[in-house]
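Start at 1 and go down the list; that is how both ligands and their atoms are numbered.
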Amino acid sequence: MAEKPDDKKITPRGQDFAAWYNDLVLRAELADYSPVRGCIVFRPDGFAIWEALRDELDRRIKRTGARNAYFPLFIPQSFLQKEAQHVEGFAPEVAVVTHGGGKELEEPLIVRPTSETIINHMFAQWIHSHRDLPLMINQWCNVVRWEMRTRIFLRTAEFLWQEGHTAHATREEAERETLTMLEVYRNFAEEFLAIPIAAGRKSAAERFPGAEETYTIESLMGDGRALQCGTSHFLGQNFSRAFEIRFLDEGNVMQHPWQTSWGVSTRLLGAIVMAHGDDQGLRLPPAVASTQVVVVPIWRKADEGDRVLTAARTAMQALENAGLRAKLDERDGVTPGFKFNDWEMRGVPLRVEIGPRDVAAGEVVMARRDILGPAGKSKVAINEVAARAAVLLSEIQKNLLAQARAAMDANTLRPSNYDQLQTQMAGEGGGGFADIYWCGRAECETRIRDETRATCRAIPLDQSHPPDRCIVCAEPAPERALFAKAY
Ligand SMILES: [Zn+2]
C-alpha cells in the first residue's frame, strides 16, 4: 500500500541535516522539484514567505532613496565581455539563447545571471551631469546561473532576487551607500527574519567579479555551515569605465561615476528553514508567517460542536480585527492531534485550542511553536485572545532570534592554533565559525580551504582587538576573520 504523505516522518535533524531539510521543504509544501533540472517550483506556502519578506524589504530599500525599475531578461552576449573580471566570473554559468523564431540570432543573447551590464548600458544614456546623480535603481526579478549541483532555495539554476544598482558622484558617497545597504540587510535579517548575522568584508578570493570590495551578511545554520544571506558591492569605477558612463561634475570636469550593487535572493527562504526549523518541522518568525495564529476547535460529541465552533469563530474574529493573520481549522474527520502536528510542521507560530470545557470556563489554551510542550502553553480569557496573541507573537519573534543567536554563539569558536582549527572543522560533524587571526594573504586562505574545507566568510568591520599573528603562517595579522564551511 502506498504510504500517505501525511504518514511520512521528517528525517531527524541530528541524523541527517540535508535529508531533514529536503523533507521539511517538501512536507511543508514550500517548494517542489520541477521537470527542468536545477529549477524549482515555489508552492503557495513558500511563495507567501517570499512575498512577505519582499514587501518588507522593498519598503526598506525605498526608504534609502532607491526606486524600482525593470530591465530585460535577455542581454546581448557582447555586454558581458566588457568588464574583464565580470565575464570571467559569470561566463561558465551563463545560459545562452542562440535561436529565436526559428532562426539563428545574429548575436546570441544571454539570460541575465545579474544585470550590471544591461543596467550600466542604460545608465550611460541617462547620466550626463552631476544633477543626474545619485541614480539609485532596484529591480525585483529572476536570474539564471547554470548550476550543476542544486539544492532547493540554496542553489538553483533560476532564482528570484532583488538587485540594486547605484551611481554616485564621489567615491565616498558610493562607499557610504555600500555600507548603508549592508546595514539595511543586516537589520532586516535580524528584525524581520529573526536570523542572527555576522556582517563584514569579503576576502579578495570571495569578492563579486568586478567589485573593488564586497560586503556580506552571513549566518550560521543548524549544521554548523555558514550561509551567505546577502551581499553589497562597492564597484569603484570598473563598470562606469567599461560602459563609458560619464558626467560633468560641478567644476565642469568630465568624470566616471562611482557605483554599487547589492542583492538578496530566495536563498533567504532556505535560511529561514535552516535557522529555525526543528524535528517537528518549520518554525516561522511571526513577521513572515502568512498564518500567524491557527484556531483549532476540539469536540467529540455532536452537541458540543456548535458551542465550540461559535466560540472559535468569535476568537477568530477578534484576532482578525486586531490585524493578525489567523486561520480557523474547521476540518472534519481528522483528529485534533493530527491538526496540531500539521500546523506545527507548517511552522505556524501560535495555536489557539478551544474545547467544550474551555468554552464553559470562558477561556482558551494558547500554545507557542517556539516552546513546545506544557512550558509553551497558557490559558487566556476568551475576550483577551487578540491582545494576548499580539504579545505572544512579539515574544516569539524575539525568542527565535535569541535561540538562533545562542546557537550561533555556541558554534563560534576561537581556535588559538592551526591544529585546533583543523579539529574544529574535522569531519561531517565539524563546523561553526572559526574566529581567527589571519594575515590576509591568499596562500594561508587557500591552505585553510584545502585542508579544512572552511573558507573566509567575513572579515568583521569592528576590529577592536590588538593585532596578533596569523593562525597559519605566524606572520603579523592585523585583523580577525570568520572562517566556516559554507553552503
Ligand atoms: Zn598567514
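- The environment of CZ in R171 is crowded: more than 12 heavy-atom neighbours from other residues, nucleotides or ligands sit within 6.0 Å.
- Residue pairs that meet the ring pair (Phe, Tyr, Trp, His ring centres under 6.0 Å) test with at least one member in residues 466-487, sequence neighbours left out, are W438-F483.
- Of the possible polar contacts, one joining the D132 side chain to the H128 backbone as a donor-acceptor pair under 3.5 Å is found.
- Less than 2.8 Å away from the Zn ion (ligand 1), the protein contributes these N/O/S atoms: C439 SG, C444 SG, C470 SG, C473 SG.
- Residue pairs that meet the salt bridge (charged side-chain N to carboxylate O under 4.0 Å, His left out) test with at least one member in residues 263-275, sequence neighbours left out, do not exist here.
- Every side chain to side chain donor-acceptor pair (under 3.5 Å) that R186 has, sequence neighbours left out, goes to E183, E190.
- You'll find the ring centres of F159 and F42 outside the 6.0 Å limit.
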